[in-house]
Amino acid sequence: MTATLDLLKTRRSVPPPLLDEPGPDRAQLETILTAASRVPDHGKLAPWRFIVIAGAARDRVGETIAATFAADNQDASAERLAQERGRLTHAPVAVAVVSRAGPHVKIPEWEQVLSVGAATMNLVIAANAAGFATSWLTEWFAYDRRVLDALGLAPSEKLAGFVHIGRAREVPPDRPRPALDEIVTFL
């Protein structure tokens, strides 16, 4: 069995609070993002793009998340606002994967959305292959237009999620996986 298959068969998510420094540096991120972009992309549309959130940008985006939460939850405790503020600060790097999928004369939007998902999963696998641990999450703010606007998403864009990247302080136990006989049909 190759190392790649071993990685794919054993990969698991590590919650962001368990992801520590060091995160990937610029060169490592470029390698990871290059691999992320090597996915099926009918029509060469690149229906995805990436926003790297690292360093002080994690705090700036966190302030936006907390302010948005506070606007909708005026009775929120200081502890809860701190939790919202810290959403992207646990891991050294968070990469927002932006979906640009939309109507096209030849390429169905569904195929574009699948390409976005493939790019996100390639990002996860490439980061894992580079020795990092990851967690792909959306959370409420991935769907809040005010936060998306602050991140610079166009009105037609959506967020596929945030891929948190760092070094695993600990790896949680694996979760139960479906048995192949429950999910596979041979014709």
Side-chain angles (χ1 to χ4, degrees), residues 1-54 58 87-101 107-143 151 153 157-187:
M1 176 131 349
T2 68
T4 303
L5 283 175
D6 285 341
L7 170 66
L8 291 169
K9 288 177 64 178
T10 61
R11 187 213 66 79
R12 67 184 77 167
S13 297
V14 176
L18 299 178
L19 296 174
D20 291 333
E21 297 281 352
D25 61 25
R26 179 77 178 244
Q28 291 169 314
L29 274 169
E30 287 179 1
T31 298
I32 291 166
L33 294 171
T34 296
S37 66
R38 297 286 302 216
V39 296
D41 175 16
H42 304 125
K44 301 176 194 150
L45 301 177
W48 25 255
R49 65 185 181 92
F50 309 106
I51 301 171
V52 177
I53 305 167
R58 297 174 304 157
R87 292 278 189 179
L88 300 179
T89 62
H90 299 294
V93 174
V95 178
V97 181
V98 178
S99 172
R100 303 189 298 189
I107 312 303
E109 188 171 349
W110 173 240
E111 289 185 14
Q112 297 172 55
V113 171
L114 291 172
S115 184
V116 175
T120 308
M121 195 64 213
N122 263 20
L123 190 153
V124 166
I125 293 168
N128 291 166
F132 298 97
T134 59
S135 188
W136 173 4
L137 300 172
T138 49
E139 310 270 358
W140 67 267
F141 52 90
Y143 302 99
L151 287 171
L153 274 69
E157 294 180 321
K158 296 178 182 176
L159 204 56
F162 295 90
V163 176
H164 302 259
I165 307 171
R167 302 285 180 178
R169 181 177 327 130
E170 64 183 80
V171 177
D174 200 8
R175 64 177 173 81
R177 305 293 174 161
L180 286 183
D181 62 352
E182 296 173 4
I183 60 170
V184 177
T185 302
F186 289 94
L187 298 180

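Keep in mind it's a predicted model, so treat the numbers as computed, not measured. In this chain, numbering begins with 1 at the start of the sequence shown.
Side chain of Arg58 to backbone of Ala91: a donor-acceptor contact under 3.5 angstrom is found. Side chain of Thr134 to backbone of His164: no donor-acceptor contact under 3.5 angstrom is found. Looking at Gln112, its side chain does come within 3.5 Å of a backbone N or O of Ile107 through a donor-acceptor pair.
The environment of CZ in Arg26 is sparse: at most 12 heavy-atom neighbours from other residues, nucleotides or ligands sit within 6.0 Å.
We find the CZ-CG distance between Arg49 and Leu153 to be 5.0 Å, quoted to the nearest 0.5 Å. For the atom pair Leu45 CG and Glu109 CD, the distance stands at 11.5 Å (nearest 0.5 Å). For the atom pair Ser99 OG and Trp48 CH2, the distance stands at 11.5 Å (nearest 0.5 Å). Annotation: the span from Arg169 atom CZ to Leu18 atom CG amounts to 5.5 Å, rounded to 0.5 Å.
Nearest heavy-atom pair, Pro172 versus Ser13, reported as atom, atom and distance to 0.1 Å: CG-O, 3.6 Å. Of all heavy-atom pairs between Thr138 and Gly161, the closest is CG2-CA, 3.8 Å. Listed here is the closest heavy atom pair of Asp41 and Pro47: OD1-CD, 3.4 Å.
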Criterion side-chain contact (heavy atoms from CB on, under 4.5 Å) on Phe50 and Val97, from CA distance to verdict: CA-CA 5 Å; Phe50 309 106; Val97 181; 4.0 Å; yes
Ser135 and Phe162: CA distance, side-chain angles, deciding distance, side-chain contact (heavy atoms from CB on, under 4.5 Å) verdict: CA-CA 8 Å; Ser135 188; Phe162 295 90; over 6 Å; no
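Tested against Pro24 for a side-chain contact (heavy atoms from CB on, under 4.5 Å), the candidates Val93, Leu33, Thr31, Val52 yield a single pass: Val93.
Of the charged side-chain nitrogens involved, none lies within less than 4.0 Å of a carboxylate oxygen, so that Asp20 and Arg167 do not count as a salt-bridged pair.
Donor-acceptor pairing under 3.5 Å is lacking for the side chains of Trp136 and Thr120.
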